[in-house]
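Proteins get letters first, then strands, A, B, ... in listed order; numbering begins at 1 in each.
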Amino acid sequence: MSLNIEPGEVVALALDPAAGAAIVRSDAETILLGADDAFATLARIEREAGPRWVWWSKSTAWQLVENDIHPTRCWDLAAVHRLLYGGWRTNPAMIWAACQGLDTSGIPETAPVDLFTVVDEFDRPDEAVRHDGYLRPDWVEGAWGTNLDRLSRWAGLASEVQSWQVGRLAELADHPRATATARSESAAELLGTELQHDGLPIDTAEAERIIGGFIGPRPLDAADESAKLDARDRAVLDHLPADADFDLRNPANVKSLLRRVGIEVPDTRAWRLEQLRTQHPVVDALLTWRKAERMATTFGYTWLDENVGPDQRLRGSWSASDGASGRMTATAGLHNMPADLRPSIVAEDGFLFVRSDLGQIEPRVLASVSGDGDLALATHDDDMYAPVAERLGVEREIAKVAVLGAMYGQTTGHGAEALRGLESAYPIAMGYLYNADTAAQGGHHLRTNGGRLIRMRAGDVTEMSDRDARSRAAARGRYGRNAMIQGAAAELFKMWAVLVRARSLNLGAQIVLCLHDELLVQAPTDQAERTAEIVDDCLQEAAYRWAPTTRGPKVRFVADTSIIARWSDAK
DNA sequence: GATTTCACGTA
DNA sequence: CGTACGTGAAATCC
C-alpha cells in the first residue's frame with residue numbers, strides 16, 4: 001500500500017482497537033485500516049513518514065503508546081482548545097461547539113430514555129452532528145468508535161476542527177509563537193501519556209529502607225501498626241504531664257498543647273515551630289513526629305504498595321497543562337516526593353539518568369517575554385542576579401529577593417526598597433508585570449507569551465469591606481503577574497521537554513520525570529553522553545522556537561546537566 | 001457524603 | 001499579605 005504521506009503532513013486519526021482506524025488527510029482522502037492490522041500499519045506510517053497526527057484527545061495517544069507506537073509529531077485538539085480558551089476541563093462537544101461558534105451552554109447531554117422521551121424526527125444515530133449543529137452526545141461518549149464508517153467521520157471532524165484551530169491561532173497577532181506552542185503543548189500531552197504509562201524507575205528496597213529510617217520497619221499487621229503509631233505519639237506526649245491527652249493530628253489540639261507549656265502561636269506550621277525548638281523539648285519532639293507522620297501517611301509503605309508496579313516503576317496520572325500555571329501536574333506524589341526519598345530513584349540496569357534543570361528560569365523568562373533589553377543583557381551572565389545587583393548597587397541576595405518578589409507580587413519586606421531600584425533600572429520588565437497585575441485586578445483575561453489564555457473572574461466586591469475588597473484585588477493582581485511568568489516558563493519547559501523526547505527516542509532514551517524546571521531522562525549507558533548533549537542542544541532550540549529574538553539582545557537560557565545513576569547524586 | 005481548613009511536600 | 005500544585009486528616013457543612 002503506497003500512502004505517500006509526507007513527513008509533517010497533517011493527518012487526522014480516529015482509532016478503536018475493536019473497529020480499526022481511520023486516517024483523513026487534509027484533502028479529505030480517507031484511509032481505512034481494519035482492526036487486525038491497524039496498529040502495524042500505523043507503526044509503519046509513523047516510521048516511514050512521520051506525519052503530524054491529529055486526534056481529539058490523549059485517549060488516542062494512550063492507544064498508540066499501549067501498542068508501542070511513539071509518534072514524534074501530533075496535534076491534540078483538546079490541548080489546543082485549552083490553550084485558546086483557558087485551562088479548564090474540555091471534551092469534544094465543547095471543542096466542536098467552539099469551532100462552530102455555538103454557545104457551550106446549549107451543549108446537549110444524554111438524557112435517560114423514559115416515558116417522556118420525545119422522539120426527534122430528525123434523529124440520525126449514524127450522523128455525528130445533529131441538525132442544531134451540536135455533536136450527538138452518544139458520539140461524544142464513544143459511539144464514534146463502533147465501526148469504520150463512524151471512525152472515518154470522527155477523524156474527518158477532527159481534521160475540520162484542526163484547520164479551524166490553526167486559523168484561530170494565527171489570529172492571535174500579539175502571540176506569534178502560539179502555533180508553535182500548540183504543537184508543543186500537544187506533544188506534552190503525549191509525553192504525559194507516556195510518563196503515565198511507563199512510570200519512574202524506583203528501587204523499592206531502598207525506598208523501604210529510607211521510610212524505615214523515619215517510621216521503623218513495615219508493620220506486621222493492623223495491631224502492630226497501631227502500636228507503632230501509639231509509640232510515636234507517646235514520644236511527644238511524654239514531654240507533658242501524665243494527664244495530658246492531645247490529638248497530635250488536630251491542629252487546634254496542638255495549639256492547646258503548646259499553650260500548656262507556655263507557647264502561644266497563631267498557627268502550628270513547621271516554619272513557625274522551627275524558631276521555637278529551644279523553648280521546650282516538646283517542640284522538637286513534635287517536629288520529629290510531623291516528619292514521621294508525613295512519611296507514614298503520605299509517603300509510606302501504603303504509598304509504595306499502591307503506586308509502584310511489579311516492574312519497579314512508580315506511576316501516577318499526568319496532566320500536561322493544569323490550572324493557572326499551565327504547568328504539568330502529576331498524582332501519586334511524583335511532584336512532591338520528599339527529597340529524602342531521592343536515593344531510591346535509580347536508573348535500571350544498563351541505563352543511566354541524564355538529569356538537567358533550568359537555571360533561574362523565571363527571571364530569564366521575564367527578560368524574554370517583556371522584551372527588556374537591559375534585563376536580557378543580564379541573562380548573559382551565568383548568575384543573572386549578579387549584574388542586576390551591581391546595577392542596583394545592592395547585595396546579590398537583595399537583588400534576587402527583589403526580582404522574585406516583583407514576579408510574585410510581594411510588596412513588603414526587604415525586597416520593597418530594592419523594588420524601586422528595579423523599576424528605574426528595568427522599566428520594561430517591571431512595566432510588563434505591572435500591566436499583568438492591573439489587567440488581572442480589573443478582571444481582564446491574560447495571555448501568556450505562547451498564547452495560552454489565563455481566565456480571570458471579575459471580582460465580586462458586593463457585601464465586602466473595603467479592606468477585604470482591596471486584599472482580594474491585590475491577590476488577583478499577584479495571581480495575574482505570576483501566571484504570566486510561571487505559565488510562560490512552563491511553555492518553554494514543555495517545548496524543551498518534547499524536543500528532548502523526539503530527539504532521543506531513537507537512542508532508546510526515555511524521559512521518566514518532568515519536574516517544572518527539571519528533566520530526568522533514562523538513557524542506555526552508552527548513549528548517556530549523547531543524550532546529555534541533546535538535552536543541552538534542545539534547550540537552545542526550544543528557546544529559539546518559543547521566543548525568537550527579533551531585536552535587542554538575545555536572552556540566554558542555561559541548564560545544569562549531569563549524568564548520574566541515582567537521582568540524589570546530583571545537586 | 002461533600003466541602004473546607006490546616007498542614008506540608010515539591011517547583 | 002509571594003505563586004503554583006497534590007495529598008491526607010480533621011472539622012465543618014449539608
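- Judged by the 6.0 Å distance and 45° axis criteria, A/R391 is positioned over the aromatic ring of A/Y426.
- Across all strands shown, A/A483 has no heavy atoms under 4.0 Å from either base or sugar-phosphate atoms.
- For the pair A/N482 CG and C/dC5 C1', the computed distance is 12 Å after rounding to whole Å.
- Nearest heavy atom pair, residue A/P363 against residue A/V403, reads CB-CG1, 3.9 Å.
- A salt bridge between A/R501 and A/E194 is present, with a side-chain N of the basic residue lying under 4.0 Å from a carboxylate O of the acidic one.
- Inter-residue side-chain proximity for A/I361 and A/F557 is flagged as met; some heavy-atom pair is nearer than 4.5 Å.
- Within the cation-pi definition used here (under 6.0 Å to the ring centroid, within 45° of the axis), A/R342 qualifies as a partner of A/W567.
- Going from atom CZ of A/R342 over to atom P of B/dT10 covers 7 Å, rounded to whole Å.
- If you measure from atom CG of A/L287 to atom C1' of B/dC8, you get 12 Å, rounded to the nearest angstrom.
- Residue-level contact check: A/M407 touches neither bases nor backbone, having no heavy atom under 4.0 Å from any strand.
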Inset, instruction - Whenever both distances are under 3.5 Å in a Watson-Crick or G-U wobble pair, mark it; put DNA chain C into dot-bracket that way, with [ ] for crossing pairs and | when the partner is on another strand. - result: ..|||||||||||.
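- The only option from A/K291, A/R209, A/R294 that meets the salt bridge (Lys or Arg N to Asp or Glu O under 4.0 Å) definition with A/D340 turns out to be A/K291.
- B/dT4 sits 24 Å from C/dG2 when the P atoms are compared, rounded to a whole Å.
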Legend entry - Stepwise side chain to side chain contact (heavy atoms under 4.5 Å, CB included) test for A/L419 and A/L422: CA-CA 5 Å; A/L419 197 60; A/L422 279 180; 4.1 Å; yes
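- Rounded to a whole Å, the CG atom of A/L515 is 15 Å from the P atom of B/dG9.
- Ion pair A/R396/A/D383 flagged as a salt bridge, since at least one NZ, NE, NH1 or NH2 atom sits closer than 4.0 Å to an Asp/Glu carboxylate oxygen.
- Candidate nucleotides B/dG9, C/dA4, B/dC8 were compared by shortest atom distance to the side chain of A/Y479, and C/dA4 ranks first.
- Counting any heavy atom pair closer than 4.0 Å across all strands shown, A/R327 reaches a base atom.
- The residue A/S471 sits apart from the nucleic acid: no heavy atom pair falls under 4.0 Å.
- Of the candidates B/dA7, C/dT3, B/dG9, the closest approach to any side-chain atom of A/D267 belongs to B/dA7.
- Among the protein residues, A/R290 comes within range of the sugar-phosphate backbone only, with heavy atoms under 4.0 Å from sugar or phosphate atoms but none that close to a base.
- At a threshold of 4.0 Å, the pair A/D560-A/R355 counts as salt-bridged, since one of the basic side-chain nitrogens sits closer than that to a carboxylate oxygen.
- Nucleotide C/dG2 holds its P atom 14 Å from the CG atom of A/D437, rounded to whole Å.
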Legend entry - Contact letters for nucleotides 6-14 of chain C, in which S counts primed atoms plus P, OP1 and OP2 and B counts the base, heavy atoms under 4.0 Å: BBSSSS---
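- A/R272 has its CZ atom 12 Å from the P atom of B/dC6, to the nearest Å.
- Under a 4.0 Å N-O distance rule, the pair A/E395/A/K400 does not qualify as a salt bridge.
- Note on A/F299: nothing from the nucleic acid sits closer than 4.0 angstrom, heavy atoms only.
- Atom-to-atom, CH2 of A/W318 to P of B/dT10 comes out at 16 Å; the value is rounded to the nearest Å.
- For the OP1/OP2 pair of C/dG2 and a distance below 4.0 Å, the side-chain nitrogens and oxygens of A/R478 include no atom meeting the criterion.
- Between the CZ atom of A/R481 and the C1' atom of C/dA4 there is a distance of 16 Å, given to the nearest Å.
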